[in-house]
Amino acid sequence: MKYSVLEILRQGLTGNKGWQPLWRNPGPKPAYDVVIIGGGGHGLATAYYLAKTHGIHNIAVLEKGYIGGGNVGRNTTIVRADYGQKGNSAFYSHSLKLWQGLSAELNYNVMFSPRGLLELCHSDGQLEAYNRRANMIAAQGDQVEMLDRAGVRAYAPYLGFESARFPIRGGLLQRTAGTARHDAVAWGYARAADRLGVDILQKCEVTGIDIANGKLQGVQTSRGVIRAKKLAICVAGRSSQVAGMAGMRLPIESHVLQAFVTEGLKPFINTVINFGVGHFYISQSDKGGLVFGGDLDGYNSYAQRGSLSQVEHVAEAGMSMIPALGKARLLRSWGGIMDMSMDGAPIIDKTHIKGLYFNGGWCYGGFKAIPASGSAYARLIATGSLPDYAAAYRLSRFESGHLINEEGTGAQPGLH
Amino acid sequence: MRITCPHCGARDSREFSYLGDAKMAAGKGDFASVYLRDNPAGAHSELWQHVMGCRAWLEVERNTSTHEVLSIREAGK
Ligand SMILES: Cc1cc2nc3c(=O)[nH]c(=O)nc-3n(C[C@H](O)[C@H](O)[C@H](O)COP(=O)(O)OP(=O)(O)OC[C@H]3O[C@@H](n4cnc5c(N)ncnc54)[C@H](O)[C@@H]3O)c2cc1C
Ligand SMILES: [Zn+2]
């Protein structure tokens, strides 16, 4: 069923009885051309672009839990194109362009809202660094501008301009950045892929990968053996476990990142604010909740909940930058398991096993990447080569020294 | 999470700084020991430094799924 104004009218006049589930609930077939492990944003987008752009329809997405239960439904939904490293900047620039047309592309409202992103600067040195970054963003062709203190005050008057420790000197503003509705992105891609014939199999955990003579055969799952010509790993925080089933060791550690939401409030935060020095960022959801977060807890973790010390740190940082935040009541906090790569940049590549592909290492920034990652990964799987905008994301770069280290922190993922 | 330092007793994990998999430090500085990780969901031997205490480096065995600390000893001993 295609969604349209006409369809709403038609359903409204017939008692809204004709709406169908967003996707079918098929049983597994014995074999597929492409099996994708992981029904998060990246897995679902990959399935969609394989079917839509490359005409491959005999595809299954295997998800051990439910669609939207992983990081795609746990993140703070910030979409931006403000990366400085070659390799990253072209990729995220391309992804932002795909976001702009995504609702129409999927025939599903992902509520992409380019409400702007403001990164705060507190010292001369930081202003210099952000001026340089702004030039790199502009050179890539993306919108960016630098604000002085008065400009920041006019744009976001609720910030703590009296802070002695972190005086606001200015900020980098990207007006084309913003937020989207995370669940809608997962559901929209799932529905669009399903409409093109992709089987979405929930509660289907991959427990083994079958390989013979260096060539992929298929997978063992909680719903039986499934044969596959090609297998695409897309499991975010579980990357090491699933790649381990094929005997691979990855340049990845899993870390927990927390996020927080307050009760719904009237419109207050008009943009996305990043207070990088204090490890705090915030936006307001369309429902009115203030959505915010900070840094990783800092040590390897597979617990989808975080430590209290990080809760305290984020609350302190938030209060110091937006004093009024102290009046809001916190509704919930939660955690997601990040696939932290050794240089902070992702991996989209073939592996040494014929027919086996790997996508992961998205760290805390893989939501904004979903459209570009899905289309690049689909192209790799269908044609054997990556598009130019994703060509730097090779698995071999760690060995060859072509790292893409945005933060300059070295091979210590907890510090990215 | 609490970590029991052999010198200072049970302390809040905030007093410690985390380095990562203990295998890294034992490695020869080659590609695999610098860049590749086992990254287990379960028991993990890792290096922590008691930076706000005695500054000793500790090798802590911890379950990465439950945060239960399984054993602690001074690193390299
Ligand atoms: C708190 C938080 C805030 C974040 N904020 C942002 C942000 O503001 N902007 C941004 O760009 N990014 C953000 N991110 C990062 C972003 O959410 C992730 O990088 C991205 O969602 C990861 O890709 P995914 O959607 O495919 O992952 P997931 O949704 O985690 O998908 C992976 C799926 O694989 C499944 N799986 C695992 N093992 C198996 C198996 N053996 N068999 C079958 N299925 C399996 C899992 O159940 C899971 O559903 C944030 C993340 C968190 C946790
Ligand atoms: Zn001590």
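Chain letters run A, B, ... following the sequence lines, proteins first and then strands; every chain starts at 1.
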(message) Would you call the rings of B:Trp48 and A:Tyr299 parallel, tilted or perpendicular, taking 30° and 60° as the class edges?
(response) tilted

(request) Take the angle between the ring planes of B:Tyr35 and A:Phe398 and call it parallel below 30°, perpendicular above 60°, tilted in between. (result) tilted

Rounded distance [0.5 Å steps], [atom1] in [X] versus [atom2] in [Y]:
X        : Y       : atom1 : atom2 : answer
A:Asn300 : B:Asp21 : CG    : CG    : 7.5 Å
A:Ser309 : B:Met1  : OG    : CE    : 8.5 Å
A:Leu308 : B:Arg14 : CG    : CZ    : 8.0 Å
A:Ile337 : B:Thr64 : CD1   : OG1   : 9.0 Å

Non-hydrogen atoms of chain B under 4.5 Å away: do they reach the side chain of [X], the backbone, both or neither?
X        : result
A:Ile252 : both
A:Ser254 : both
A:Glu399 : both

(request) Any pair with a residue in residues 26-40 of chain B that passes salt bridge (charged side-chain N to carboxylate O under 4.0 Å, His left out), sequence neighbours left out, goes on the list, sorted by first then second residue, please. (result) A:Arg249-B:Asp38, A:Glu253-B:Arg37, B:Lys23-B:Asp38

(message) Test: salt bridge (charged side-chain N to carboxylate O under 4.0 Å, His left out). Region: residues 345-358 of chain A. Which pairs qualify, not counting sequence neighbours?
(response) A:Asp349-A:Arg394

(request) Could you check which of B:Pro40, B:Ala41, B:Ser65 has the highest count of heavy-atom pairs closer than 4.5 Å to chain A? (result) B:Ala41

(request) Please answer whether the main-chain N or O of A:Ser240 pairs with a side-chain N or O of B:Asn39 as donor and acceptor at a distance below 3.5 Å. (result) no

(request) Please indicate whether A:His402 has more than 12 foreign heavy atoms, meaning atoms of other residues, nucleotides or ligands, lying under 6.0 Å from its NE2. (result) no

(message) So for B:Ser17, is it side chain, backbone, both, or neither that comes closer than 4.5 Å to the heavy atoms of chain A?
(response) neither

(request) Mind ranking A:Glu312, A:His313, A:Gln310, A:Gln304 by heavy-atom pairs under 4.5 Å with chain B and telling me who comes out on top? (result) A:Glu312

(message) Only heavy atoms, only distances under 4.5 angstrom. Which residues in residues 61-68 of chain A are near chain B?
(response) none

Side-chain polar contacts of residues 51-59 of chain B - donor-acceptor pairs under 3.5 angstrom, sequence neighbours left out - could you list them?
residue : atom : partner : partner atom : Å
B:Arg55 : NH1  : B:Val51 : O            : 3.1
B:Glu59 : OE1  : B:Arg73 : NH2          : 3.3
B:Glu59 : OE2  : B:Arg73 : NH2          : 3.4

